[in-house]
Amino acid sequence: MTENERTPPLWRQLQATVEVLKEVAAGVSGSVAMERVPTQLRGGVQALSFHAWRNMGRAKAIRALLAKRPPPADVDALLCLVLALLWDPSQVLYDDFTLVNQAVESAKKTPNTSAQASFINACLRRFLRERDALIAATEDRPEARWNHPAWWIKRVKQEHPQHWQAILQNANRHPPMTLRVNVRKIQGADYAQKLKDAGVEVARTSGSLIELSHPVPVTELPGFADGWVSVQDGAAQWAAKLLLAGVPANAQAKVLDACAAPGGKTAHLLEISDAEVLALEIDSQRTERIYQTLNRLGLSATVKTADAAHPETWWNGSLFDYVLLDAPCTASGIARRHPDIRWLRRESDVLQLAAEQRKLLAALWPTLKPGGKLLYCTCSIFRAEGSEQVKSFLDSNRDAVLLPSPGHLLPQSGLYGQDVADNWQGDHDGFFYALFEKKHF
């Protein structure tokens with residue numbers, strides 16, 4: 001293998017990154033767009049894309065000053081990508097000369113931008129000459145200041161007036177790598193010691209949860225292939241523990257995991273209990289990921305490809321003791337982990353997804369036995385997908401009781417002293433949890 005095959009030139013990585021940015025702008029999720037990138041380019045393209053999404057608000061504002069009229073989509077995407085990489089010297093990935101040179105090379109080698117290579121070169125060189133003035137001229141624009149769309153900033157500010165600035169700032173920080181130890185195979189403290197013995201630095205531990213000081217490839221995690229550990233954010237690890245709180249580990253409970261892929265929460269339920277779990281997923285390709293997750297961890301569940309909103313297609317009428325509904329949502333709480341989310345979503349998506357969540361709650365509530373519990377959760381910070389959803393559900397179901405629940409866990413919410421006695425004071429994503437119990441009548 002030649003050196004060029006091992007390390008693709010930067011212009012080629014920029015070229016592929018432009019395609020990813022365009023796909024997300026057109027409504028394709030970043031993870032799906034990334035899967036289409038050639039393997040040898042994927043690592044570099046992901047790093048460039050993530051950096052661009054975390055700085056896209058500023059880049060778009062600067063580009064608007066450099067070009068009076070919006071240029072064609074491919075030209076605009078390349079300009080904004082390079083401006084996102086250039087504007088803040090404290091976040092440098094490549095030196096100015098290399099970036100500009102390779103951006104122009106990328107433009108020349110791409111049919112849709114070749115005619116505009118000189119224009120791109122002129123814009124970027126003007127930016128370098130006038131960097132301080134252009135940055136100062138965009139400082140009062142919210143999209144540039146916070147690197148989020150205006151509608152998102154407005155909603156967060158209205159719904160979380162005490163913490164809106166911290167929420168937006170945290171979304172642009174790199175998330176920690178957090179692990180969940182499979183207690184069927186090894187205890188948390190023992191695994192933490194194995195990490196230290198392997199030279200992997202541990203920042204903090206809390207039972208089966210371990211936060212690393214620095215991310216590492218999963219291949220460097222002791223016993224990963226043997227199912228000793230999984231990667232899962234701290235907020236997401238609350239699902240199984242909240243739903244099965246107080247349930248003896250050997251209880252023969254029937255549990256439904258209604259939207260289960262990729263299987264992390266399904267696996268956690270099985271790691272801490274002997275429950276009989278039915279895991280549903282509407283997408284057949286994502287169903288396969290559940291099988292892969294369970295096989296690696298040495299766990300077993302009944303897995304079906306089915307639409308949870310239509311129980312008549314998958315339910316045999318036998319009531320469940322517990323239901324976990326990790327509902328489809330805007331994913332606004334995990335924007336730091338998936339920075340494409342803020343540019344992928346449209347404001348109309350919030351109410352559209354909230355309607356889908358209401359439909360799922362209405363469909364699944366009848367499958368729960370009296371005295372049973374349903375845990376509703378989303379990885380969202382928007383109230384339409386959280387507290388407002390709870391109010392609507394309680395208004396529509398007189399047999400539902402809201403039990404003590406974390407509610408909105410804001411990103412790094414441990415810093416805010418949330419009124420949850422056992423809220424882990426760690427660094428975690430934004431989430432929402434509501435635990436309901438069905439009354440006996």
Side-chain angles (χ1 to χ4, degrees), residues 1 6 30-32 34-35 37-47 50 174-241 249 257 260-275 277 279 281 283-305 324 326 334 337-338 426-429:
M1 180 180 289
R6 287 197 298 271
S31 57
V32 172
M34 209 66 66
E35 289 173 0
V37 176
T39 304
Q40 70 272 22
L41 289 169
R42 196 169 297 159
V45 169
Q46 178 165 308
F50 274 42
H174 293 267
M177 186 172 184
T178 308
L179 310 178
R180 186 192 74 242
V181 178
N182 182 356
V183 294
R184 287 194 177 272
K185 299 203 172 188
I186 189 170
Q187 294 304 302
D190 295 332
Y191 190 76
Q193 185 58 52
K194 287 189 176 294
L195 286 170
K196 294 173 184 176
D197 293 343
V200 179
E201 188 176 344
V202 174
R204 69 183 78 211
T205 63
S206 178
S208 60
L209 185 153
I210 298 176
E211 182 184 306
L212 303 184
S213 299
H214 308 285
V216 300
V218 293
T219 52
E220 294 183 17
L221 297 175
F224 181 82
D226 297 321
W228 289 8
V229 68
S230 298
V231 179
Q232 188 181 45
D233 183 77
Q237 292 191 38
W238 276 103
K241 293 184 286 185
D257 187 353
K265 297 181 183 68
T266 306
H268 198 187
L269 291 166
L270 294 165
E271 288 170 4
I272 65 174
S273 78
D274 291 331
V277 177
E281 174 53 45
D283 185 293
S284 59
Q285 288 186 325
R286 286 171 57 79
T287 299
E288 183 58 32
R289 293 186 65 189
I290 301 174
Y291 283 117
Q292 293 169 358
T293 297
L294 297 179
N295 288 340
R296 182 180 64 81
L297 295 168
L299 302 168
S300 179
T302 300
V303 181
K304 290 185 178 181
T305 301
L324 171 59
D326 182 8
I334 59 173
R337 201 171 295 281
H338 298 280
D427 186 352
H428 54 69
D429 292 339

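Side-chain atoms are counted along with the backbone in the values below, which use heavy atoms only and exclude waters and symmetry mates.
Looking only at distances, a side-chain donor or acceptor of Arg184 sits under 3.5 Å from a matching main-chain atom of Leu270. Of the possible polar contacts, none joining the Tyr191 side chain to the Arg180 backbone as a donor-acceptor pair under 3.5 Å is found. No donor-acceptor pair under 3.5 Å is formed between the side chain of Arg286 and the backbone N or O of Thr305.
Under the side chain to side chain contact (heavy atoms under 4.5 Å, CB included) test applied with Thr205, the options Val181, Ile210, Leu195 reduce to a single match, Ile210.
Residue pairs that meet the salt bridge (charged side-chain N to carboxylate O under 4.0 Å, His left out) test with at least one member in residues 224-236, sequence neighbours left out, are Asp233-Arg336, Asp233-Arg337.
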Worked verdict on Met177 versus Leu221 for side-chain contact (heavy atoms from CB on, under 4.5 Å): CA-CA 12 Å; Met177 186 172 184; Leu221 297 175; 4.0 Å; yes

Lys265 and Gln232: CA distance, side-chain angles, deciding distance, side-chain contact (heavy atoms from CB on, under 4.5 Å) verdict: CA-CA 9 Å; Lys265 297 181 183 68; Gln232 188 181 45; 3.9 Å; yes

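Trp228 places none of its side-chain heavy atoms less than 4.5 Å from the side chain of Asn182.
Within 6.0 Å of the NZ atom in Lys194, the count of heavy atoms belonging to other residues, nucleotides or ligands does not exceed 12.
No salt bridge links Lys185 with Asp190; every basic N to acidic carboxylate O contact stays at or beyond 4.0 Å.
Nearest heavy-atom pair across Leu324 and Ala239 is CD1-CB, 4.2 Å. Closest approach of Leu179 to Gln237, counting heavy atoms only: O-NE2, 3.1 Å.
Applying the side-chain contact (heavy atoms from CB on, under 4.5 Å) test to Thr293 and every residue at least two apart in sequence or in another chain returns Ala267, Leu297.
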